[in-house]
Amino acid sequence: MNISLYNTLTRTKEEFKTIDNKKVGLYTCGPTVYNFAHLGNLRTYIFEDVLKRTLIYNGFEVKHVMNITDVGHLTDDADNGEDKMEKGAQREGKNAWEIADYYTQAFKSDLKHLNIIEPDVWCKATENIKEQIELIKILETKGYTYNTSDGVYFDTSKFEHYNKLSHLPLEDLREGARVEVNNEKRNITDFALWKFSPQDTVRQMEWDSPWGKGFPGWHIECSAMSMKYLGDNLDIHCGGIDHINIHHTNEIAQSEAATGKPFFNYWLHGAFLNIAGGKKMAKSEGNFLTVEKALLERGIDPLVYRFSALSVHYRKPMEYSDDIIDNAALGYAKLKSQLAALSFSEGEISEEWQTKFRQAINDDLNIAEGLAVLFDLLKSDLSDNDKLATVFDFDKVLGLKLKDSLEIDVNNLPPEIKTVFELRLQARKNKNWLESDSLRDQLLALGYLVEDSKEATKIRKK
Ligand code: AMP
Ligand code: ZN
């Protein structure tokens with residue numbers, strides 16, 4: 001079955017075609033690790049996770065690369081202001097490397113809470129400086145760069161289709177870039193490839209380069225690392241919509257100028273998470289909510305947030321409020337209780353329902369429609385076993401841990417069941433397989449099903 005995806009480059013929903021058969025190269029712009037990720041950032045990572053899961057569900061072999069911006073992202077997108085990392089370090093009295101490590105770990109923990117599958121390759125800007133310098137050298141040789149007193153810049157007037165992603169008249173792009181005017185720039189849309197360290201200060205993060213000591217501009221890392229880790233498999237590149245006009249536009253310009261080849265065939269962008277009144281949730285706005293503050297501290301399972309994000313199409317703005325989260329919590333709990341009420345043993349995935357589900361999600365990731373298919377399936381006259389088998393199949397895309405939700409915590413088992421369960425655990429530990437099989441049958445006769453995996457043995461009602 002075909003997958004159609006909305007491509008910002010062509011502004012149409014297109015049938016997805018890979019460069020190399022069943023392989024997909026996927027690059028998602030990662031976090032700038034000078035602070036916690038907020039729920040808005042994480043909405044974008046949930047959308048990208050669902051995209052990846054949908055591709056895998058359709059039989060593609062996905063290689064997913066995500067960068068960690070741990071240097072060089074200045075406080076304004078026009079290459080002025082302070083380095084966000086060094087600023088974060090000052091704020092917290094740590095050094096920039098410690099800040100980067102701390103917030104990278106915090107980000108990975110957020111991904112885990114939201115059941116977002118980690119990328120196959122994590123790559124840090126600071127560990128790929130050589131590759132960025134090499135790319136800038138190519139651009140210099142081809143005549144796309146010029147030097148100013150504070151850095152090496154890309155001359156956007158030399159790249160013919162600079163606005164091919166944004167589709168904006170150049171005038172408008174210039175307006176957008178006008179944050180703080182740098183008089184030495186030839187065109188207002190020009191951007192830094194390499195910034196020099198200031199003469200009078202020693203930066204915590206700086207490297208030698210053919211142009212002088214300094215650090216890379218923000219955009220160059222994504223070009224260098226996506227080409228390094230994905231080779232020619234430049235299929236899909238994603239981020240939030242705020243990346244369209246500057247970051248992704250600049251990535252395309254410098255990459256295509258350097259290689260003379262198209263850089264990524266599909267560009268997908270997620271809409272914002274806003275707070276009430278339509279204001280974007282942003283790190284700089286003080287309106288920003290984290291997994292810890294908004295969910296864990298309120299005793300809310302982070303998967304409730306995932307559930308609410310799944311119910312809004314990724315290209316539509318989503319509004320955040322406590323009410324929306326409370327409603328999602330009710331919806332998610334109701335779904336789990338509906339599943340818990342079904343009797344369970346081996347079932348078969350229903351192809352008919354699977355087709356309906358696939359039709360929904362393959363239509364530019366219409367996950368809300370996919371959830372509607374799931375609820376219709378639960379109302380259908382399919383057997384309980386087949387319903388559950390099919391729902392668990394859908395959950396490969398939804399990532400709501402629906403199977404796990406049916407597990408019973410051992411401490412909540414009736415005492416007589418708990419005793420048999422623990423005897424069986426002991427028998428398995430002693431590799432006494434005959435006894436463990438017989439105890440499993442005993443539990444089954446008592447209405448409980450056990451499931452063994454490498455990590456753990458789980459138990460649930462039959
Ligand atoms: P950053 O750490 O600022 O580079 O952002 C990480 C990702 O979050 C990028 O893909 C951004 O486009 C995205 N993003 C930033 N703010 C929001 C928001 N309010 N809603 C959705 N995505 C966002
Ligand atoms: Zn990027």
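Note that the numbering runs from 1 along the sequence shown for the chain. Counting starts at 1 for both ligands and their atoms, in listed order.
Looking at ligand 1, you'll find an N or O of Leu273 within less than 3.5 Å of one of its N or O atoms. The N/O atoms of Gly240, backbone and side chain alike, include one that comes under 3.5 Å of an N/O atom in ligand 1. Considering backbone and side-chain atoms alike, Tyr45 places every N or O at 3.5 Å or more from each N or O of ligand 1. The shortest N or O to N or O distance between Met281 and ligand 1 is below 3.5 Å. The distance criterion of under 3.5 Å between nitrogen or oxygen atoms is met by Thr32 with respect to ligand 1. For the pair Gly40 and ligand 1, the shortest N or O to N or O distance falls below 3.5 Å. Checked by distance only, ligand 1 and Asp242 come closer than 3.5 Å through their nitrogen or oxygen atoms.
In this structure, Phe36 and Tyr102 have perpendicular ring planes: the angle between them is above 60°, well past the 30° mark. Trp122 and Phe107 have perpendicular rings, their planes meeting at more than 60° on a 0 to 90° scale where under 30° would count as parallel. By the 30° and 60° cut-offs, the orientation of the rings of His237 relative to His248 is perpendicular. By the 30° and 60° cut-offs, the orientation of the rings of Trp218 relative to His247 is parallel.
For the ligand labelled ligand 1, residue Pro31 lies inside the 4.0 Å heavy-atom shell. The closest approach between any non-hydrogen atom of His38 and ligand 1 is below 4.0 Å.
For the pair Lys401 and Asp395, the salt-bridge criterion is not met [side-chain N within less than 4.0 Å of a carboxylate O]. A salt bridge does not link Glu140 to Lys137: none of the charged side-chain nitrogens sits closer than 4.0 Å to a carboxylate oxygen. Using a 4.0 Å cut-off between a side-chain N of Lys or Arg and a carboxylate O of Asp or Glu, Asp155 and Arg186 qualify as a salt bridge.
Taking every non-hydrogen atom of Gly239 and a distance limit under 4.0 Å, the qualifying atoms of ligand 1 come out as 10 (O). Every atom of ligand 1 with a heavy atom of Thr44 under 4.0 Å away is listed here by number and element: 10 (O), 13 (C), 21 (C), 22 (N), 23 (C).
Contacts between Ala271 and ligand 1, counted as non-hydrogen atom pairs separated by less than 4.0 Å, involve the backbone only.
At the Zn ion (ligand 2), the angle from SG in Cys29 to SG in Cys222 is 130° when rounded to 10°.
Looking only at its N/O/S atoms, His247 has NE2 as the one nearest to the Zn ion (ligand 2).
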Could you go through residues 324-336 and list every donor-acceptor pair under 3.5 Å that involves a side-chain atom there, pairing it with any protein atom two or more places apart or in another chain?
{"residue": "Asp326", "atom": "OD1", "partner": "Arg298", "partner atom": "NH2", "Å": "3.4"}
{"residue": "Tyr332", "atom": "OH", "partner": "Leu400", "partner atom": "O", "Å": "2.6"}

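Ranking the protein heavy atoms by distance from atom 9 (C) of ligand 1 puts His243 NE2, 3.5 Å first. Protein heavy atom in closest approach to atom 18 (C) of ligand 1: Phe272 CD2, 3.4 Å. Regarding atom 15 (C) of ligand 1, its nearest protein heavy-atom neighbour is Asn41 ND2, 3.2 Å.
Residues passing the side-chain contact (heavy atoms from CB on, under 4.5 Å) test with Pro262 are Glu256, sequence neighbours excluded.
For the residues Glu48, Lys280, His248, the heavy atom positioned nearest atom 16 (N) of ligand 1 is part of Lys280.
A distance of 5.5 Å separates CG in Asp120 from NZ in Lys52, rounded to the nearest 0.5 Å. With rounding to the nearest 0.5 angstrom, the CD atom of Glu292 is 7.5 Å from the OG atom of Ser109.
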